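Heads up, the thing below is written out as structure tokens.
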Amino acid sequence: MSIDYLALANAGVETLHPYQPGKPVEELERELGISHSVKLASNENPLGLSPKAKTAIERALPELARYPDANGFALKTALANKLGVDTQQLILGNGSNELIDLVFHTFVGAKQQVVFSQYTFIVYAMATQAHGAQAVVVPAKDLGHDLDAMAAAITEQTKLVCITNPNNPTGTFLSKAALAAFLAKVPEHVLVILDEAYTEYVTEEERHPSIDWLAQYPNLIVSRTFSKAYGLAGLRVGYMVAHPELIGVLNRVREPFNCNSLALAAAEAALGDEAYLSEAVALNSREMARYEAFFDSQNLRYVPSRGNFITLDLQRDAMPVYEALLREGVIVRPIAGYGLPHCLRISIGLEHENQRCIEALTKVLA
Ligand SMILES: *Cc1c(COP(=O)(O)O)cnc(C)c1O
């Protein structure tokens with residue numbers, strides 16, 4: 001007897017492929033028998049844990065036999081103070097990825113349409129498919145979102161629009177004026193996720209005032225994470241900010257203990273560690289400049305990025321270069337799965353890691 005499990009699964013699952021994460025260092029070293037490799041593949045914070053977060057984790061250890069605070073009171077209070085919102089406008093997740101999925105579970109049904117851009121975060125496409133909904137993929141403009149075309153793609157069947165700013169995997173950036181004009185065009189029954197996973201890397205002057213926009217646009221959902229600039233990718237914690245009633249609806253579907261105690265404690269501490277955040281942002285812009293200067297000197301094409309990564313366009317199949325870099329002990333991210341088979345995305349690392357990557361690239365491309 002054999003069971004066709006795929007046939008048993010929900011519509012959409014049959015053609016779904018598992019998410020392809022960046023290659024873990026341990027896996028590469030096991031496969032090639034090498035050591036001291038560097039991973040610049042998953043946009044993690046190269047500084048490691050903030051010392052304040054580390055202390056908070058150690059303090060939280062004795063309570064691990066107990067369930068976490070299902071309501072995340074302390075972290076929500078800290079976030080509410082920092083953002084100038086009410087705690088009722090906040091929901092915490094096991095990474096913002098969980099919250100994106102939660103928005104789909106809660107609001108997106110079979111046959112409804114979800115609008116997002118070509119070359120954007122792959123999780124929107126995966127969630128759309130897993131829910132049997134219809135993806136309306138709007139062709140990119142200069143490798144970023146074409147907001148006019150996205151607005152024009154909204155129909156009566158559209159339930160959700162997903163926008164990433166700065167965008168992943170290309171690092172492109174939408175101005176506040178462009179975003180504001182877009183939001184003004186979206187009908188109220190259409191929800192908009194504005195995914196700001198990299199917003200901390202954007203300068204104050206350029207950053208769009210999404211939290212202020214919430215008062216004007218009750219269909220707007222701002223999504224942020226502690227995985228990137230706050231350096232807590234391994235703990236999984238993210239949050240969304242939206243209208244309190246929208247958050248209330250999401251809370252009906254949310255798993256009660258979705259954020260673990262260590263993540264809650266560490267995120268609260270990381271939020272208060274301004275020195276760590278500024279160091280991370282300063283390191284990122286310094287090292288971004290190193291890559292740009294190198295690419296310019298070699299006449300290599302790249303997409304100017306506002307994130308903590310930069311996408312190199314090799315104008316030919318990038319896989320052989322990716323594999324040659326692996327043999328040099330440097331893990332970057334091929335993004336063929338995003339429809340960019342000629343590009344590699346490089347996360348900005350520490351100075352010596354970037355130097356290693358640049359040397360390896362020089363050797364491999366020679
Ligand atoms: C990394 C990333 C996230 C964050 O995911 P977490 O689940 O919070 O770790 C969300 N959106 C985009 C666009 C990302 O690149």
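Bear in mind that the values here come from a model prediction, so they are computed numbers and not experimental data. Order of appearance sets the numbers: ligands from 1, and atoms from 1 within every ligand.
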- [ ] Compute the minimum heavy-atom distance from Asn43 to ligand 1 and say whether it is under 4.0 Å.
- [x] no
TODO: Answer with yes or no whether the hydrophobic clustering places Leu47 together with Leu232; edges join I, L, V, M, F, W, Y residues whose side-chain heavy atoms lie under 4.5 Å apart.
DONE: no
- [ ] Would you verify whether the NZ or CZ of Arg345 falls within 45 degrees of the ring axis of Phe309 while also being under 6.0 Å from that six-membered ring's centre?
- [x] yes
Task: Protein contact to atom 11 (N) of ligand 1 [nearest heavy atom, distance to 0.1 Å] - done: Asp195 OD2, 2.7 Å
Open item on the list: Below the 3.5 angstrom mark, is there an N/O of Ser227, backbone or side chain, next to an N/O of ligand 1?
Closed with: yes
TODO: Heavy-atom distances under 4.0 Å are what count here, so tell me which part of Asn97 touches ligand 1: side chain, backbone, both or neither.
DONE: both
Task: Identity and distance of the protein heavy atom lying nearest atom 2 (C) of ligand 1 - done: Lys228 NZ, 2.4 Å
Task: Heavy atom of the protein closest to atom 5 (O) of ligand 1 (residue, atom name, distance) - done: Ser96 OG, 3.4 Å
TODO: Around atom 7 (O) of ligand 1, find the nearest protein heavy atom and jot down its residue, atom name and distance.
DONE: Arg236 NH2, 2.6 Å
- [ ] Verify salt bridge (Lys or Arg N to Asp or Glu O under 4.0 Å) between Lys228 and Glu200, making sure each step is shown before the conclusion.
- [x] CA-CA 9 Å; Lys228 308 286 158 61; Glu200 295 82 7; over 6 Å; no
- [ ] Give yes if a backbone or side-chain nitrogen or oxygen of Glu98 is under 3.5 Å from a nitrogen or oxygen of ligand 1, and no if not.
- [x] no
TODO: Please determine if Glu31 and Lys23 form a salt bridge, counting it only when a charged side-chain N lies under 4.0 Å from a carboxylate O.
DONE: yes
Task: Salt bridge flag under 4.0 Å for residues Glu351 and Arg356 - done: no
TODO: Determine, for Glu44 against Lys39, whether the closest basic-nitrogen to carboxylate-oxygen distance falls under 4.0 angstrom.
DONE: yes
- [ ] Report yes if Tyr198 has an N/O atom closer than 3.5 Å to an N/O atom of ligand 1; otherwise report no.
- [x] yes
Open item on the list: I need the contact type for Ala197 against ligand 1. Using non-hydrogen atoms and a strict under-4.0 Å cut-off, is it side chain, backbone, both or neither?
Closed with: side chain
Task: Crowding at CD, Glu255 (>12 non-hydrogen neighbours, <6.0 Å) - done: no
TODO: Would you name the heavy atoms of Leu220 and Ala242 that are closest together and state the gap between them?
DONE: O-CB, 3.6 Å
Task: Exceeds 12 heavy-atom contacts within 6.0 angstrom, atom NE2 of His36 - done: no
Open item on the list: Please list, in number order, the atoms of ligand 1 under 4.0 Å from a heavy atom of Asn168.
Closed with: 13 (C), 14 (C), 15 (O)
- [ ] Flag Thr164 as yes when one of its N or O atoms lies below 3.5 Å from any N or O atom of ligand 1, and as no otherwise.
- [x] no
Task: Numbered atoms and elements of ligand 1 in range of Gly95, under 4.0 angstrom, heavy atoms - done: 6 (P), 7 (O), 8 (O)
